[in-house]
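The chains referred to below are lettered A, B, ... by the order of the sequence lines, with proteins before strands, and numbering in each begins at 1. Below, all heavy atoms of this structure are taken into account, side chains as well, without hydrogens, waters or symmetry copies.
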Number of protein chains: 2
Amino acid sequence: MKAPPNTQSNIRASISDAEWQVMDAIWSTPSAAAAAEVIASLQARTDWSPRTIKTMLNRLVKKGVLHYQADGRRYLYRAAVTREKCVRVQGRSFLDRVFGGQAGAMLAHFAKHEKLSKKDIEELKSILEQKSSAAHE
Amino acid sequence: MKAPPNTQSNIRASISDAEWQVMDAIWSTPSAAAAAEVIASLQARTDWSPRTIKTMLNRLVKKGVLHYQADGRRYLYRAAVTREKCVRVQGRSFLDRVFGGQAGAMLAHFAKHEKLSKKDIEELKSILEQKSSAAHE
DNA sequence: CTTCATAGATTACATATGTAATCAATCGCG
DNA sequence: CGCGATTGATTACATATGTAATCTATGAAG
């Protein structure tokens with residue numbers, strides 16, 4: 001049950017709540033972003049001090065999920081992992097934690113309890129169609 | 001962005017990863033469970049020491065998600081919140097965190113990336129049917 | 001050149017979490 | 001009755017996380 005010590009290739013270093021928001025800002029920036037840009041972007045949605053955001057950037061770099069390249073005396077940051085990859089990792093961890101890995105149960109849960117637009121429903125149905133036709137017999 | 005200090009009525013005191021497993025053991029016990037039972041149940045699935053499990057029980061009581069009633073010199077624990085309630089809370093937090101609250105996006109994600117049995121798919125479709133017929137125009 | 005604003009690096013500190021060990025009371029056993 | 005086993009209570013300690021402040025180097029302004 002004990003997590004193995006981090007090996008650098010391992011993307012496992014889990015991204016915390018606050019860190020996720022920073023990554024979100026990075027992910028939604030085309031190409032690379034300077035700290036100042038990340039800060040500006042986040043101050044629109046949080047009340048964090050710039051210091052705090054810099055700390056996050058640092059930690060994310062240490063965790064290996066952010067890379068940077070020097071540009072004069074500042075850094076340009078870019079994600080080292082895709083949002084999709086992180087979403088998959090976080091999603092699976094959540095699924096295991098809360099639903100014991102039962103994807104069906106989870107989907108049923110959210111389908112029941114969350115608001116869905118007609119469009120959401122149509123799209124989901126269509127995904128399910130493909131899924132069932134592609135499924136093994 | 002700062003979480004307000006815990007008021008007791010607030011179920012918010014979030015259940016950690018390890019704590020969730022303890023709650024799971026409790027939830028799957030009909031009626032109340034003594035610490036020894038919880039320990040036995042968890043040792044089957046983890047490598048935690050009994051000490052550790054007792055610490056969890058304590059913290060969960062402090063957090064208000066577990067209640068106990070004395071039975072001789074031991075305690076019988078019972079959940080103070082339902083699994084469903086906790087699942088909803090955790091689920092919503094995850095949804096907000098990772099999918100910005102977009103339930104449709106999350107469902108689409110898992111529908112695409114997770115394995116689903118025929119049965120899962122059928123059930124989901126049926127939920128979606130009801131949902132769309134019940135939906136406002 | 002001196003000074004201030006900035007950028008990144010380092011250090012700080014409280015709370016949460018994982019993981020126990022130690023303490024104190026007590027119940028059953030010999 | 002005395003003692004070890006067991007139960008809950010208290011304390012411990014490392015790492016993670018939220019949230020910054022301080023230190024150091026340097027480029028821009030005067």
Side-chain angles (χ1 to χ4, degrees), chain A residues 1-6 10 12-26 32-40 42-43 45-78 90 93 97, chain B residues 1-6 10 12-26 32-40 42-43 45-78 90 93 97:
Chain A
M1 281 301 148
K2 187 172 199 75
N6 269 354
N10 194 342
R12 275 293 29 199
S14 161
I15 297 171
S16 82
D17 231 63
E19 288 165 355
W20 186 275
Q21 293 197 240
V22 175
M23 287 307 290
D24 240 358
I26 300 269
E37 301 175 68
V38 178
I39 289 170
L42 282 170
Q43 286 194 317
R45 288 175 296 115
T46 72
D47 57 358
W48 298 340
S49 115
R51 320 283 200 166
T52 299
I53 297 171
K54 294 222 183 174
T55 299
M56 307 275 185
L57 288 172
N58 255 290
R59 288 183 183 166
L60 288 165
V61 167
K62 281 218 185 93
K63 287 186 178 185
V65 289
L66 263 192
H67 283 162
Y68 62 81
Q69 114 201 42
D71 169 47
R73 66 197 211 82
R74 60 185 197 161
Y75 288 170
L76 294 182
Y77 295 90
R78 66 178 61 255
Q90 298 272 314
S93 134
R97 239 166 79 77
Chain B
M1 283 302 149
K2 187 173 199 73
N6 269 353
N10 194 343
R12 278 291 33 201
S14 160
I15 297 171
S16 83
D17 231 63
E19 288 166 353
W20 187 274
Q21 294 197 239
V22 176
M23 287 307 289
D24 240 357
I26 301 269
E37 301 175 69
V38 177
I39 289 170
L42 281 170
Q43 285 194 316
R45 287 174 297 116
T46 72
D47 58 358
W48 299 341
S49 116
R51 321 281 201 166
T52 300
I53 298 171
K54 294 223 183 174
T55 299
M56 308 276 186
L57 288 172
N58 254 290
R59 288 183 182 167
L60 289 165
V61 167
K62 282 216 187 96
K63 287 185 178 184
V65 290
L66 263 192
H67 283 162
Y68 63 81
Q69 113 200 43
D71 169 46
R73 66 198 210 80
R74 61 186 197 162
Y75 287 171
L76 294 181
Y77 296 89
R78 66 179 60 255
Q90 298 272 312
S93 134
R97 239 166 79 78

Round to a whole Å and report the spacing from [atom1] of [X] to [atom2] of [N].
{"X": "B:L66", "N": "D:dA9", "atom1": "CG", "atom2": "C1'", "value": "16 Å"}
{"X": "A:W20", "N": "D:dT17", "atom1": "CH2", "atom2": "C1'", "value": "17 Å"}
{"X": "A:K62", "N": "C:dG8", "atom1": "NZ", "atom2": "P", "value": "15 Å"}
{"X": "B:L42", "N": "C:dG18", "atom1": "CG", "atom2": "P", "value": "13 Å"}
{"X": "A:N58", "N": "D:dA21", "atom1": "CG", "atom2": "C1'", "value": "14 Å"}
{"X": "A:I53", "N": "D:dT19", "atom1": "CD1", "atom2": "P", "value": "11 Å"}
{"X": "A:E19", "N": "D:dA20", "atom1": "CD", "atom2": "P", "value": "15 Å"}
{"X": "B:M56", "N": "C:dA21", "atom1": "CE", "atom2": "C1'", "value": "15 Å"}

With no angle test and no hydrogens, is the base of [N] tied to the side chain of [X] by a donor-acceptor pair under 3.5 Å?
{"X": "A:R59", "N": "D:dT15", "value": "no"}
{"X": "A:S16", "N": "D:dA16", "value": "no"}
{"X": "B:S49", "N": "C:dA20", "value": "no"}

| said: Does a side-chain N or O of A:T52 approach OP1 or OP2 of D:dA20 to a distance below 4.0 Å, or not? | reply: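 Checking D:dA20 against A:T52, a side-chain N or O does come within under 4.0 Å of OP1 or OP2.
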| query | Does A:K63 place a side-chain N or O at less than 4.0 Å from the phosphate oxygens OP1/OP2 of D:dT17? | reply |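 Result: yes.
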Shortest non-hydrogen contact from [X] to [Y]?
{"X": "A:A33", "Y": "A:V38", "value": "CB-CG2, 4.0 Å"}
{"X": "B:L60", "Y": "B:M23", "value": "CD1-SD, 3.8 Å"}
{"X": "B:Q90", "Y": "B:W20", "value": "CG-CZ3, 3.4 Å"}
{"X": "A:E37", "Y": "A:A32", "value": "OE2-O, 4.4 Å"}

Can you check nucleotides 4-7 of chain D for protein contacts, nitrogen or oxygen pairs under 3.5 Å, and list what you find?
| unit_1 | atom_1 | unit_2 | atom_2 | d |
| --- | --- | --- | --- | --- |
| D:dT6 | O2 | B:R73 | NH1 | 3.3 |
| D:dT6 | O2 | B:R73 | NH2 | 2.4 |
| D:dT7 | O4' | B:R73 | NH1 | 3.2 |
| D:dT7 | O3' | B:R73 | O | 3.4 |

